[in-house]
Amino acid sequence: MIALLWAALAFAMPTAQELLAGIDAQMTYETRTATTRMVVVNPRRTREFTMSSWGRGLDEAAIEYVDPPRDAGTRMLRKGDELWMYLPAIERVQKISGHMLRQGMMGSDVSYEDMMNNTHLVDAYTATVTGEDTVDGRKCWRVEMIAKDETVTYPKRVTCVDAETYIPLRQELFALSGMLLKTWTMGDVRKDPTSGKWVPFTMRIEDKLQEGTYTEILVQDMKFGVEVPDEVFSTRWLER
Amino acid sequence: MMVLALAWRNAQRNVQRTVITASMVVLGTALLVVGMVWLYGLTGRLIAEGADQVGHVRLVDPDYAAREPLLPLYENIPDAAPVVEAVRSVPGVIGAWAVISAPVTVTAGEDIGDVFALAVGSDPGWFGERMQLRTYLTEGAWFGEADDEVLVGQMIADRAGLHVGDEVRLIGQTQDGSISPILGRVVGIVHAGNPAVDLKVYLRMSQVEWLTDIPGGATEIVVYADDFEDAPEVAEAIAALPAAEGLAVQAWSSREPFAGMIGVLQVVRRVVVGTIVLLTALGILNTMMMSVLERTHEIGVLRAMGLTRIGVVSLFVIEAMAIAVFGGTVGVALGSVGGWYLETYGITIGENVSQNFDVGVPIKATLYGDLSFDLAASAFLLGLVMAVIGSFLPAVRAAAIEPVEAMRIGR
């Protein structure tokens, strides 16, 4: 009986490769624009930022902070493996590299390194489906991923992938030592009518190396397949 | 009185031995004066100037104090003005200022460089009155009216290639960890000859408040008393203020590096002074022992005539002390000449040494002694102590001699 149940389960369970490919398909796009609000909470205070962002494929992304006034005009540009930041206070562009990549973006729990992720999971990890789980009432598959290259930001991930939408509803991100570094949860998943993609409208990131801090990203508006001027993905745009 | 007269007579009997004993006291006392002038002056000035740099008393968030080497900006005093105002009303306080210190990268050219400095933001009054940056100003001018003026330490100016009038970009972080830059203009360069001053950049508080996003706040409040030695009492009074509730109030003497330094310096002083006293006392012991051996018969006669053992001990000790009074006076005079030189001209160790010798308090290229009446009087008294120590054992030995035996030996 148990064997039969197990066989049935195995038949229904997708492969790890299928799940990773599904995640990659949802998280990539030709072009995208969005307006998001980022709420950064630490034990001392809470700050809120409003950003406009543009994306093209895996390799190009641009962000401009429009609020609060202190940070308005700050722009970031990622092209491939390079990241630049325009600092309006000094009217200069700074390349973010080396140890600076590990810093939190605007002091949030999302690091610049997290922004640099431009590789499909199916190419970067070998994965194993370890069972079923439930996140916020949604059935999901638990996938354990080990990086093919140990030098990636998170050599190990344990992800709960929504069985229907392929959105990673909960991710636990680990260091090479096995220490839990971050958790990343996604919710309020909606289907974009234009592209047919499932889009998480809320994300919560917790840096497990710090106590009492978390960052929420709340999507206010997102469009896929829109025309994005080439200029946005150039360093000229940063200093405009 | 008889013992005193005998002691004084005995001191004059063997001139050669008396001169040798006195010379040892002169040498020992002179060395003590010079050594103490140097040690007390060096350490005293180091501590006094260090306390002036860091504040006689300071108020910080306790978590900031616990993790201070990491410069945790988020562990700040959010609303510093009312605390400063309350502290200034405490009797014995002559000044108090809010300060923000933050690590920055300093850049002069187009590329973001790798010159790291500590940006210190406060009121220019503190920089001038207490940190004495005006006296260290070697190029340019003091703060004027513009908000973007920056004073740069010499070592930072050299490393970043900065000159007076240059635009300088300081890139740091906010208290939340965001990259945060400010643009400034070099108005002056300060050179104290040590990293405690020269590895920093100095800005108005408003600039660093913006850099670190700590509006109206401070990483510490530094407080000054009339005399830095009064800091513990002043700290106690400040700690009792309602405005200081929840803050750590620290006298300079309880903070590192001073707390550790004071203990070490006391040990060093005691070892040096003790060594000089002991060596001189050994020399005195030697000559006094010779005196006892030579006067064994005489001691026997005196004992037979009724002089007590205590009287015999007193005889030799007073003799030594009489010599020490003379020797100590000459020794203090000689030592004071050397002490005066150290106080006036000091010893130059050079900037190569002072710039690379970072113990957390400023060390100058020339180190000065500190001659005082108290110090000279202490050396004189220690000279008497040397005489007592050196003569005691021989005196006890003399007192132990049996009169009959002594008179038989003397024949």
Side-chain angles (χ1 to χ4, degrees), chain A residues 38-49 51 63 65 67-76 83-115 205 207 209-215 235 238-239, chain B residues 61-64 66-67 70 72-79 102-114 116 119 147-148 150 160 166-185 203 206-219 246:
Chain A
M38 181 169 73
V39 181
V40 183
V41 177
N42 68 41
R44 285 229 167 188
R45 61 184 195 171
T46 297
R47 295 168 303 133
E48 291 192 23
F49 302 87
M51 306 111 75
I63 296 175
Y65 289 85
D67 193 69
R70 183 200 149 87
D71 301 291
T74 302
R75 300 193 189 105
M76 301 180 64
L83 181 65
W84 292 270
M85 187 171 184
Y86 173 71
L87 304 165
I90 59 172
E91 297 176 345
R92 287 290 187 279
V93 173
Q94 174 171 355
K95 189 171 182 181
I96 310 291
S97 58
H99 69 91
M100 292 176 75
L101 285 170
R102 284 188 280 279
Q103 291 178 14
M105 209 167 57
M106 292 301 187
S108 71
D109 299 83
V110 182
S111 67
Y112 295 110
E113 236 172 2
D114 292 333
M115 271 194 68
I205 304 97
D207 185 339
L209 298 182
Q210 301 186 64
E211 276 187 38
T213 76
Y214 64 88
T215 299
T235 52
L238 287 170
E239 293 182 89
Chain B
D61 184 290
D63 293 324
Y64 183 90
R67 303 178 63 199
L70 299 175
L73 295 174
Y74 49 87
E75 308 288 10
N76 57 68
I77 302 170
D79 190 10
V104 292
T105 305
V106 180
T107 301
E110 286 298 317
D111 296 326
I112 304 296
D114 58 1
F116 298 102
D147 283 340
D148 66 344
V150 180
D166 282 352
E167 184 182 84
V168 60
R169 289 188 295 289
L170 304 176
I171 300 177
Q173 287 188 341
T174 65
Q175 61 168 306
D176 309 290
S178 297
I179 293 174
S180 182
I182 55 172
L183 205 55
R185 188 174 54 82
L203 305 93
S206 56
Q207 287 275 75
V208 187
E209 281 181 354
W210 196 94
L211 175 76
T212 56
D213 198 14
I214 307 178
T219 52

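Reminder, nothing fancy here: chain letters follow the sequence lines and each chain counts from 1.
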Could you walk me through whether A:Leu87 and B:Ile179 satisfy the side chain to side chain contact (heavy atoms under 4.5 Å, CB included) test, starting with their C-alpha distance in whole Å, then the side-chain angles of each, then the deciding distance to 0.1 Å, before giving a yes or no?
CA-CA 9 Å; A:Leu87 304 165; B:Ile179 293 174; 4.2 Å; yes
Is the backbone of B:Glu75 close enough, under 3.5 Å, to the side chain of A:Arg44 for a donor and an acceptor to pair up by distance?
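Looks like no, no N/O pair under 3.5 Å.
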Which distance, rounded to the nearest 0.5 Å, do you find between the CE of A:Met85 and the CD1 of B:Ile171?
10.0 Å
What part of B:Asn76 is in contact with chain A, defined as an atom under 4.5 angstrom from a non-hydrogen atom: side chain, backbone, both or neither?
both
Would you name the heavy atoms of [X] and [Y] that are closest together and state the gap between them?
X: B:Pro181; Y: A:Ala89; result: O-CB, 3.6 Å
X: B:Ser178; Y: A:Gly107; result: OG-N, 3.1 Å
X: B:Thr174; Y: A:Arg70; result: CG2-NH2, 3.1 Å

Yes or no on side chain to side chain contact (heavy atoms under 4.5 Å, CB included) for B:Asp176 and A:Met106, after CA distance, side-chain angles and deciding distance?
CA-CA 8 Å; B:Asp176 309 290; A:Met106 292 301 187; over 6 Å; no
My understanding is that only one of B:Val168, B:Thr107, B:Leu183, B:Leu170 makes a side chain to side chain contact (heavy atoms under 4.5 Å, CB included) with A:Ile90; could you say which?
B:Leu183
Assess whether a salt bridge exists between A:Arg47 and B:Asp213, defined as any Lys/Arg side-chain N lying under 4.0 Å from an Asp/Glu carboxylate O.
no
